[in-house]
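This report refers to the structure that appears directly beneath it.
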Number of protein chains: 2
Amino acid sequence: MEEREISKAVIKRLPRYYRYLGELMENGVERISSGELSSRMSVTASQIRQDLNNFGGFGQQGYGYNVKYLYEEIGKILGLDKKHNMIIIGGGNLGQALANYVDFEKRGFYIKGIFDVNPVLKGLSVRGIPIHMLDDLESFIRDEQIQIAALTLPKSKAEEMTALLVKYGIKAIWNFAHIDLDVPSDVLVENVHLSESLMQLSYNITRYEKEHPRS
Amino acid sequence: MEEREISKAVIKRLPRYYRYLGELMENGVERISSGELSSRMSVTASQIRQDLNNFGGFGQQGYGYNVKYLYEEIGKILGLDKKHNMIIIGGGNLGQALANYVDFEKRGFYIKGIFDVNPVLKGLSVRGIPIHMLDDLESFIRDEQIQIAALTLPKSKAEEMTALLVKYGIKAIWNFAHIDLDVPSDVLVENVHLSESLMQLSYNITRYEKEHPRS
DNA sequence: TAGATTGTTAATCGATTAACAATC
DNA sequence: TAGATTGTTAATCGATTAACAATC
């Protein structure tokens, strides 16, 4: 069976389709055409159909797409029908912000624990999620079958923590540290580089001001 | 003067170049060739030269690029040589995490205030940054010349806050709410959709497991 | 000068859009 | 059946890579 590689650009758009379909569902919309979705999302209808047909024919000629069905199918493609056990490495504000975000669980991401080096945090918990010290890390990853580690640490500590996580068998790292992690090819990394995002905004502000000088 | 439009893909790479050049500088490296940078960053040398030449010829044949000079020039392109006054809308964990991140100031982003509706937070401050109630928002944006608002609110409140911010003359929104904001064309938006980032990671895990079934 | 490496043009590759036959 | 809209192929557009003359 010939497996065609799906491009990153397509994968990046899937969660947005998923979000819009979820909203349509909440509003009781049962079916939608690529044309209608196109105008709501400001992408071309052609792109929507092209994207979806990477994974299968989810629509029906003359009818369009069943919203609930398409929502669920995209959910499966994204792996949201499976349980993913997560830990958060770093109990600071960002780590706590992630721990407090309840919607992750609705998507199948279960935050099982938070880890920190600061002994002051020992025994505390965030929204019922206990904060552990690093000594427990290895057994916790094994026993709780943790797949994903969210790395919310200063970059100075991120590298050694990554080495540890890899050693303990973590499958995927959601990296918030401002550094490119060095991991073996069987460990997946998704970066959230906040300062780079802010710099992009800054670039756009700068360019806009150049093009529209104030009188 | 013919202004060529710079593609989004290029802009997205600039902060990463900036980060690597900053690290090279810290390590005392004075010059670097596109080839050497290429192998460190895992991008092609051709792409580096092509990207940079969108903005000007920063290098020198037979020599390469002066690290400090290139770092500063990319900083200027990104607008990091200018002061940007920011506020954070939403005093929860995520808002506080941003407020605590001191490196933003090094890049010219000054967080002047945090705004929330919760009266419990009134009068408190985070790292010396005061938390205000919404009544002060209009005058604060005007008097402190706020350009950027970081929106760290639940999506239910994000829309009305956006309308308010636009009305009060904000120039740019750094949006952390899981929603596409509707703003006039002179207001810039940069999105950080955390749950979409996590879904991309989930997709990659799912695909990896399919391609590498455990025996 | 010879060697190195850029800046830039040309070639290739991939992604997006357009078009339309298939079909519900 | 006629109308609507998909799935899919072909055309276009843009971004990346390769190649090399210019030049330090």
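Note that these values count all heavy atoms, side chains included, but never hydrogens, waters or copies made by symmetry. To find a chain, count down the sequence lines: A is the first, B the second, and so on, and within it residues start at 1.
- Note that the CD1 atom of B/I205 and the CD atom of A/Q147 stand 5.0 Å from one another [nearest 0.5 Å].
- Note: CG (A/N66) to P (D/dT6) measures 13 Å, nearest angstrom.
- Note that B/R31 lies in the cation-pi zone of B/Y63, set by a 6.0 Å cut-off to the ring centre and a 45° limit from the axis.
- Ring-plane geometry between A/Y71 and A/Y18 is classed as parallel, the angle between the planes falling under 30 degrees on a 0 to 90 degree scale with a further cut at 60.
- B/L98 is listed as a side-chain neighbour of B/F104, based on a closest heavy-atom distance under 4.5 Å.
- Residues A/A158 and A/I179 approach most closely at CB-CG2, 4.2 Å, considering heavy atoms.
- Classification of the A/Y203-B/F55 ring pair by plane angle, with boundaries at 30° and 60°, yields perpendicular.
- The distance from atom CG of A/N53 to atom C1' of D/dT8 is 7 Å, rounded to the nearest whole Å.
- Checking the phosphate oxygens (OP1, OP2) of D/dG7, a side-chain nitrogen or oxygen of A/Y65 falls inside 4.0 Å.
- Computed from coordinates, the B/R31 CZ to C/dT6 P distance equals 9 Å when rounded to whole Å.
- Annotation: cation-pi geometry satisfied between B/K83 and B/Y110 (NZ/CZ under 6.0 angstrom from ring centroid, within 45° of ring axis).
- Pairing analysis of DNA chain C (Watson-Crick: purine N1 to pyrimidine N3 plus N6-O4 or O6-N4; G-U wobble: N1-O2 and O6-N3; both under 3.5 Å) yields stems of 3 or more pairs at C:3-24 with D:3-24.
- For the residue pair B/Y208/A/D186, the side-chain donor-acceptor check at 3.5 Å is not satisfied.
- With rounding to whole Å, B/N54 atom CG is found 10 Å from D/dT16 atom P.
- Whole-Å rounding puts the A/Q61 CD to D/dG7 P distance at 6 Å.
- When the side-chain nitrogen and oxygen atoms of A/R13 are compared with OP1 and OP2 of C/dA15, none of them lie within a distance under 4.0 Å.
- Applying a 4.0 Å cut-off to non-hydrogen atoms, the residues of residues 35-52 of chain A that approach DNA chain C are A/T44, A/S46, A/Q47, A/R49, A/Q50, listed by residue number.
- Taking every side-chain heavy atom of A/S7 into account, C/dA15 is the closest of D/dG7, C/dT5, C/dA15.
- Both A/K8 and B/G62 sit near DNA chain C, but only B/G62 has its closest nucleotide nearer the 5' end.
- One interatomic measurement links the two molecules: CG of B/L70 to P of C/dG7, which rounds to 10 Å at whole-angstrom precision.
- Note: CD (B/Q60) to C1' (C/dA4) measures 12 Å, nearest angstrom.
- Looking at A/L164, A/T162, A/I146 one by one, the single match for side-chain contact (heavy atoms from CB on, under 4.5 Å) with A/I170 turns out to be A/I146.
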